[in-house]
Amino acid sequence: MIRRFTTQSDYLLREALIGLWRGGWMNWAAISTLTALLFLLGLGLQVSTQLDGALAKLGSQLEISVYLQPKVRAIALEPKLRSLPDVLQVQSIPKEVAWEALQKELGVQGDISESLGGNPLVDTLRVQVARPTVVAHLAQQIQSLQGVESVNYGSEAAERLGSLQKALGWAALTLASILGISTVAVITTTIRLIVLSRRKEIEVLQLVGATPLRIAIPFVLEGFALGLLGTGFAWGLLLVTGSFVEQKRQEFLPFLAPEPIHLPLGLILLGTGTGLGVIGSLLAVRSALREN
Amino acid sequence: MIRRFTTQSDYLLREALIGLWRGGWMNWAAISTLTALLFLLGLGLQVSTQLDGALAKLGSQLEISVYLQPKVRAIALEPKLRSLPDVLQVQSIPKEVAWEALQKELGVQGDISESLGGNPLVDTLRVQVARPTVVAHLAQQIQSLQGVESVNYGSEAAERLGSLQKALGWAALTLASILGISTVAVITTTIRLIVLSRRKEIEVLQLVGATPLRIAIPFVLEGFALGLLGTGFAWGLLLVTGSFVEQKRQEFLPFLAPEPIHLPLGLILLGTGTGLGVIGSLLAVRSALREN
Amino acid sequence: MVGLGSSSHEVMASLVDVSKIYANGSCGLDRVNLTIYKGDFLFVTGASGAGKSTLLKMLYGAEKPTTGTVEVQGTIVNSLTGAKLAHLRRRMGVVFQDYQLIPKRTVEENIAVVLKAQGFDRAEVRKRIAPTLQMVGLASKEKCFPEELSGGEQQRVSIARAIVHEPPLLLADEPTGNLDVHNAWMILQILKKLNHLGVTVVVTCHNEQLIKTFAKRVVRVEAGIMRELTPAL
Amino acid sequence: MVGLGSSSHEVMASLVDVSKIYANGSCGLDRVNLTIYKGDFLFVTGASGAGKSTLLKMLYGAEKPTTGTVEVQGTIVNSLTGAKLAHLRRRMGVVFQDYQLIPKRTVEENIAVVLKAQGFDRAEVRKRIAPTLQMVGLASKEKCFPEELSGGEQQRVSIARAIVHEPPLLLADEPTGNLDVHNAWMILQILKKLNHLGVTVVVTCHNEQLIKTFAKRVVRVEAGIMRELTPAL
Ligand SMILES: Nc1ncnc2c1ncn2[C@@H]1O[C@H](COP(=O)(O)OP(=O)(O)OP(=O)(O)O)[C@@H](O)[C@H]1O
Ligand SMILES: Nc1ncnc2c1ncn2[C@@H]1O[C@H](COP(=O)(O)OP(=O)(O)OP(=O)(O)O)[C@@H](O)[C@H]1O
Ligand SMILES: [Mg+2]
Ligand SMILES: [Mg+2]
């Protein structure tokens, strides 16, 4: 029994290898389309995480300026603001400091506060926010706190970045699903065509008494191997493109920290590639078995 | 001769139609992959023009603040600045106006300029720039003009937008070429496989005395038809996606004016689709003719 | 198994009231009754399109009868599919009228598929192929691909593949159609020898000469209707 | 054309010192010299794998000779390709040993391709197909696909396709291999009638009976070497 099993596995593996070897350009067609599509898929995922990271970073440099009521001091509100969600940092600017800076800026010699009837400014706080999408909401929250006169958060820029991020999320999702669907379509088609080109072989094997399972296994192994190779090439391409893009980034967007191409992406691609290869083969060989 | 010609065209057209009809799922495979890839190509082009437009718009809201030397008046420099390339608009702000605004802002009653020994401010100019990429250069140019004390152009934001645009241009180019290559690969493969599945037919036709040209024409017509159908579907999908994206845009990015999907894009896709169909068929049928 | 080369009364295969109407309305077989005994050497004759191949297809389960029952080696073939049909087919050898060789595999590999499907190990496979090819006169062609062979050579590969695993039932559809007299004679000698060793053989054949020389039992099919020419012994 | 049914001394085709060594080293033909005259009815015999099909392939340009010259209807075939080869093939009819039918086309369409390739218009095509199918006894099968036909029926479709355009030269490779005696006889009668009408016919055949009855001239190929059995008249 064990002897029989090893003999058969030997045959099945050999047959899969021979199939790959003799398949010639058909295999290359399958591998290259798989590569192209997995590459696009990976690129899409990578670009979307990249953009996400970049936008998050841009967003994190956004801040809310909080102007307090004349008699309220910044120090008093600082802990409260710090405790709000999504707040990264809070910086207090007492009105004295602000006034000094203003006077310096205007080039005024000596203290003019007396002629103005005291320091005309108020205490302010600078609140750094974690994500651009929450800026507007947080600003509103702060506005409603006691002692706050008004808030200013460069609303337009923040909102734009936030909605850009949302829109990009949508675009990435749409693109990823379209790519996913095309990958499935192309790979099923290609493997179906590989099976088609070997239909005679399947027919003959059936006629001479090979069980359906025995006929299917080499094809499934082949599909797996094709998926593996496709993923490998796509991964290689991604790394190459990644380093190219990184170069461009350093040239054009030096203020963005790179988001390295990471292993989980590779695993997603590997799963997609080999899964599609195996499932495609199974479906294709099953339909060929039915037809005869 | 004319009779012969019409008889033959009749046969060739019929054969192409019969081929399409009997091809069955193989045609659908070709059409669907072509559709998917043309759709992606169209989407890529559309998104890149869209982003270009959006960024240009964001960029156009950028401006350079020009601070003049104490004795220089804004009006004197305005024409010179207007004449610089990429300058959209120039707004002069005399120091008197600025001073008044400042006093109002600080809540100062009466004129305090006397106690300060005169208006401490200088004339400024606001220069609106056409493209974010030129802001830095333009600012430098302005800085070097006589009478200019300093310039300020929110350098970081402008630079970021500018380089984002450049980077996106690069990304779009890269994506478009990858998609182009995959489209060519997939379509050649698919048509080659269609031809493969009808290899026996080609072989027999050769054996019974059909000239290579006569054998090739129906396949080429079929390739053309497949290209046409693929383009049609891709165009339809693009319109649907376009209206969906437009809806999302109004939700998330209402400040961006939509860039409508325009006919040239359709023509590009049509050219690509049918061109690939025809060339793919020609190459495939030629290799099949050689083999026999 | 009863005496070498003679039919016993053990049944190897039987068709009971079998009719076959193809999907397009053609009549393949019309209420055919036939019992094939172990050790039979049965010839099936009949005009082109009479239904000879259809009869064999019933036996190896490539076509299902429209009505009636087909039984082979104790198994009802009618509704057999998948692994079970495969196991039945391993206990027979079939020479197909259109050869059914795998295009991209060498002669050797084409014959080996049968043995591999049955789990013979590699040494055994190698040991069996050479003598079988020798037997059909193709010893020098083992590395050729089918398209590099003449019509008759392909036919002989198909014969070699049908006998290499020594099946108890051999179905041969026009095994000598593309062979010259000498080769045809040789092939039928081989079949006769196998029959002597206890193999049940069913052959369709047009060649009256060969039938006269070799047949122990002959049935004729005419437009789907079967008639026994030589009574079963 | 000289007298119906009799060979003239006008040359229809000739092989001069033709050898064919296939890519894998097999010898197809070995320095063959053969002249085929207009009006000949030539039988080619020989064992399986002797080189009969190779000889015919030389004549219709499916294989190029390794050495020597092949001339058909005044054209050197050796280096002919593309449109020129196509035009030569239109002036002959070929029955292939493996039939060469287009799988997804009906019998009717399979025959029509020949006529369409030659520019016959649709009415003419329709007018010719029915009688030709009638002639080979397949009148009722015109809408069938090749896979729905028996072996012999497929062979007869191949014959019908070879004669439908009334070529001056007919090459038939084992046209009766899968036919019963009656049908084989009928087919050879048709070939003989065509020969009487002036068509030059070359047939490869194993069946000694048929050769004896029909042959006016017989050559035998043995391991690539050709020998004239009946001298050309
Ligand atoms: N798959 C099919 N679909 C439809 N009709 C078929 C099919 N196979 C065979 N037939 C028809 O059934 C009849 C019997 O066919 P079969 O192949 O059994 O003939 P046969 O006796 O083997 O003939 P031959 O000597 O020419 O091989 C024929 O008329 C044929 O056209
Ligand atoms: N394409 C090929 N490549 C290699 N060898 C070939 C090829 N075609 C034929 N041969 C070899 O050439 C020899 C002659 O083949 P050919 O087909 O001419 O034989 P034949 O006389 O027609 O035989 P049959 O009666 O069996 O059809 C054979 O030994 C065959 O194996
Ligand atoms: Mg048959
Ligand atoms: Mg031959």
Side-chain angles (χ1 to χ4, degrees), chain C residues 22-28 45-55 57 96-99 101 106 136-138 140-141 143-157 173-174 176-187 204-211 220-222, chain D residues 22-28 45-57 96-99 101 106 136-138 140-141 143-156 173-174 176-187 204-211 220-222:
Chain C
Y22 283 103
N24 67 358
S26 298
C27 173
T45 67
S48 171
K52 304 180 292 297
S53 299
T54 306
L55 181 70
K57 282 177 187 163
F96 303 94
Q97 191 171 8
D98 49 359
Y99 318 150
L101 303 179
T106 63
V136 298
L138 288 178
S140 63
K141 300 282 180 185
K143 298 288 181 209
C144 288
F145 291 93
E147 61 181 15
E148 297 174 348
L149 298 180
S150 80
E153 285 164 348
Q154 289 178 27
Q155 190 156 42
R156 284 179 279 159
V157 175
D173 201 354
E174 314 264 1
T176 60
N178 273 297
L179 296 181
D180 56 300
V181 183
H182 170 75
N183 271 303
W185 192 272
M186 187 188 76
I187 292 298
T204 72
C205 188
H206 297 305
N207 193 318
E208 313 261 306
Q209 205 73 39
L210 290 175
I211 295 175
R220 175 187 293 280
V221 189
E222 266 163 27
Chain D
Y22 285 102
N24 67 358
S26 298
C27 172
T45 67
S48 170
K52 303 181 293 297
S53 300
T54 305
L55 181 70
L56 295 196
K57 282 178 188 163
F96 303 94
Q97 190 171 8
D98 49 359
Y99 317 151
L101 302 180
T106 63
V136 297
L138 289 178
S140 62
K141 299 283 183 189
K143 298 288 181 209
C144 287
F145 290 94
E147 62 180 16
E148 296 173 350
L149 298 179
S150 81
E153 286 164 348
Q154 290 178 27
Q155 190 156 44
R156 284 179 280 158
D173 201 354
E174 315 265 2
T176 61
N178 274 296
L179 296 180
D180 55 299
V181 183
H182 170 75
N183 271 303
W185 194 271
M186 187 189 77
I187 292 299
T204 72
C205 188
H206 298 305
N207 194 316
E208 314 260 305
Q209 205 73 38
L210 291 174
I211 295 175
R220 176 188 293 281
V221 188
E222 265 163 30

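Here is how names work: the chains are called A, B, and so on, in the same order as the sequence lines, proteins then strands, and each is numbered from 1.
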Look up atom [atom1] in [X] and atom [atom2] in [Y], then write down how far apart they are to the nearest 0.5 Å.
X	Y	atom1	atom2	value
D:Asn207	C:Asn207	CG	CG	6.5 Å
C:Ser53	D:Leu149	OG	CG	11.5 Å
D:Ser48	C:Leu138	OG	CG	7.5 Å
C:Ser26	D:Glu153	OG	CD	7.5 Å

Looking at C:Asp180 and D:His206, would you say the former's side chain and the latter's main chain have a donor-acceptor pair under 3.5 Å? no
Looking at C:Gln209, C:His182, C:Glu148, which makes the most heavy-atom pairs under 4.5 Å with chain D? C:Glu148
Given C:Gly177, C:Gly137, C:Gly28, C:Gly51, the one with more heavy-atom pairs under 4.5 angstrom with chain D than any other is C:Gly177
Chain D contact via [X] - which portion, at a heavy-atom distance below 4.5 Å:
X	result
C:Glu208	side chain
C:Asn24	side chain
C:Lys141	side chain

Listed by chain and number, what are the side chain to side chain donor-acceptor pair (under 3.5 Å) partners of D:Lys57, not counting sequence neighbours? none
